[in-house]
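Below is one structure; the comments refer to it alone.
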Amino acid sequence: MTLSVHTMTRIEDQSLLLERSGFVDFSSFMGFPGGELITLQRGRTVTRLELNGRAFYLKRNRFDWREFIKTILHLGWPQRNAVAEWENILAVERLGIRTVKPIAMGEKRILGLEVASFILTEEIYGAESLERVAEKKLPDGLSLATRKWKRSIINEVAQIARRLHANGMCHQDFYLGHFFWSHDHTLYLIDLQRVVHRGKLPRRYIVKDLGQLNYSADCVGDISRTDRMRFLLRYLGVKSLGASEKILARSIIAKTDRIARHTVKLLQRRRRRCEIP
């Protein structure tokens, strides 16, 4: 059995804070009984906890045979969840994209296969998901200030997408709910566990990310066709769409429709598993 536990420090007092709070080894992270349960999925939980006036999110992954078999049947191999997210956070930071602050990470492997892992990140204070912000800020009858805010956000999200894809990275969960907007007008990108890295990003990954983003835009307030065109032009760095860009736009729309259909089925499955109400 190979057991690997890593505790990594980004702020000087973090190791002492963790030790005083009882987080001294791998088992203490995986077996932590407190906090507020935020997410419950097969083999994965996310818990919010507070330590000495600071807030953190503890993601814990446990081996699940059903997910393992599903991955193998799709000709894949289960990834090292905590390690992947830790490395993806650092990679995204290097691109100049703001994200969560990593605090600690550990994993347990048997014969090279991850059977349990955790990652602890600090909360982005004074921030909420861009999806919620947009729902509140974009009612019918927008003011001039709100229109300006919307355009600046569209440009910023497009720049983040462009930078990720230009560097061979695909988020794979590229929804507005995974962008966070803080009170100091800073935009963050979170939930980086599934980010894939390629030397040159295949087109299907680009379509997947942009289709997810387009789908989530349907779920908030006043996002018009003009807004979507503005985003695409900014993302592509062009002033008008040529033949290849129009083909990309049609692919994104088709992907958006497939995501909508898949989401209905996914929600039904999660309700049957009692993961959501």
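There is no path of hydrophobic side-chain contacts, each under 4.5 Å, that joins Y57 to V195. I124 and L90 fall within a single hydrophobic cluster, where Ile, Leu, Val, Met, Phe, Trp and Tyr side chains are chained together by heavy-atom contacts under 4.5 Å. Under the 4.5 Å side-chain heavy-atom criterion for grouping Ile, Leu, Val, Met, Phe, Trp and Tyr, L130 is not connected to I38 through any hydrophobic cluster. Hydrophobic clustering of Ile, Leu, Val, Met, Phe, Trp and Tyr side chains at less than 4.5 Å, counting indirect connections, unites V238 with I252. In terms of hydrophobic clustering, with Ile, Leu, Val, Met, Phe, Trp and Tyr side chains grouped at heavy-atom distances under 4.5 Å, M229 and L210 are assigned to a common cluster.
Distance check: I89 CD1 to I97 CD1 gives 13.0 Å after rounding to the nearest 0.5 Å. Interatomic distance, NZ of K208 versus CD of Q212, reported as 5.5 Å (0.5 Å rounding). In this structure, D173 CG and I190 CD1 are separated by 10.5 Å, a value rounded to the nearest 0.5 Å. The distance from the CG atom of D257 to the CZ atom of R261 is 6.0 Å, given to the nearest 0.5 Å. Interatomic distance, CD1 of I259 versus NE2 of H262, reported as 8.5 Å (0.5 Å rounding). With rounding to the nearest 0.5 angstrom, the CZ atom of F231 is 12.0 Å from the CD atom of E156.
Applying the 6.0 Å contact sphere to CZ of R151 captures no more than 12 heavy atoms from other residues, nucleotides or ligands. Residue R48 places its CZ atom among more than 12 non-hydrogen atoms of other residues, nucleotides or ligands, all under 6.0 Å distant.
N155 and S152 are not linked by any side-chain donor-acceptor pair at a separation below 3.5 angstrom, with hydrogens and angles left out of the test. In the model, D191 has a side-chain atom that pairs as donor or acceptor with a side-chain atom of H178 under 3.5 Å. Judged purely by distance below 3.5 Å, without hydrogens or angles, the side chains of S182 and R98 never pair a donor atom with an acceptor atom. With 3.5 Å as the limit, one finds a donor-acceptor pair spanning the side chains of Q193 and N81. Under the 3.5 Å distance criterion, with hydrogens and angles disregarded, a donor-acceptor pair is assigned to the side chains of T186 and D184.
Note on ring orientation: taking the six-membered ring where Trp is involved, the planes of W149 and W181 are perpendicular (angle over 60°, cut-offs 30° and 60°).
Annotation: side chain of I247 is in contact with side chain of R203 (closest heavy-atom distance under 4.5 Å). Here the side chains of E128 and K136 are in contact, with some heavy-atom distance below 4.5 Å. Residues V220 and V133 are not in side-chain contact: their nearest non-hydrogen atoms beyond the backbone lie 4.5 Å or more apart. Residues L236 and L248 have side chains in contact (heavy-atom distance under 4.5 Å, counting atoms from C-beta outward). Residues L233 and K239 form no side-chain contact, since every pair of their non-hydrogen atoms from C-beta on lies 4.5 Å or further apart. Residues E85 and S117 have side chains not in contact (no heavy-atom distance under 4.5 Å, counting atoms from C-beta outward). Residues F32 and L120 are not in side-chain contact: their nearest non-hydrogen atoms beyond the backbone lie 4.5 Å or more apart. Taking the side chain as every heavy atom from C-beta outward, L51 and F23 approach each other to under 4.5 Å.
Between L232 and A249, the closest heavy-atom pair is CD2-CB, 3.8 Å. Residues M169 and H165 come closest through the heavy atom pair O-CD2, 3.2 Å. Across F118 and A82, no two heavy atoms sit closer than the pair O-CB, 3.1 Å. The two residues S28 and G22 come nearest to each other via the heavy atoms CB-O, 3.3 Å. Listed here is the closest heavy atom pair of C219 and E131: CB-OE2, 4.2 Å. Between L176 and S216, the shortest heavy-atom distance links the atoms N-OG, 3.1 Å.
With hydrogens and angles disregarded, no donor-acceptor distance shorter than 3.5 Å links the side chain of R62 to the backbone of A116. Side chain of R60 to main chain of M30: a donor-acceptor pair is present (N/O by atom type, distance under 3.5 Å, no hydrogens or angles). Using modelled atom types, no side-chain atom of Y175 and backbone atom of Y215 make a donor-acceptor pair closer than 3.5 Å. D227 contributes a side-chain N or O that, together with a main-chain N or O of S224, makes up a donor-acceptor pair within less than 3.5 Å. Formation of a donor-acceptor pair under 3.5 Å by the T39 side chain with backbone atoms of V46 is not found in this model. Between the side chain of R194 and the backbone N or O of Q172, at least one donor-acceptor pair lies under 3.5 Å. A donor-acceptor pair under 3.5 Å is formed between the side chain of N167 and the backbone N or O of R163. Remark: the backbone N or O of G242 is paired with a side-chain donor or acceptor of E245 at under 3.5 angstrom.
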| task | Any chance you could lay out the side chain to side chain contact (heavy atoms under 4.5 Å, CB included) test for Y188 and T99, step after step, and finish with the verdict? | result | CA-CA 5 Å; Y188 295 80; T99 186; 5.5 Å; no
| query | Does the side chain to side chain contact (heavy atoms under 4.5 Å, CB included) test come out yes or no for Y125 and H183, once each step is laid out? | reply | CA-CA 9 Å; Y125 301 107; H183 58 77; 5.6 Å; no
| task | Would you please test F179 and I160 for side chain to side chain contact (heavy atoms under 4.5 Å, CB included) and show each step? | result | CA-CA 10 Å; F179 289 87; I160 289 174; 4.0 Å; yes
| message | For a side chain to side chain contact (heavy atoms under 4.5 Å, CB included) check, start with the C-alpha distance between E122 and V100, then their side-chain angles and the critical distance, and finish with the verdict. | response | CA-CA 7 Å; E122 190 159 8; V100 295; over 6 Å; no
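For D209 and K255, the salt-bridge test fails: no basic side-chain N is under 4.0 Å from an acidic carboxylate O.
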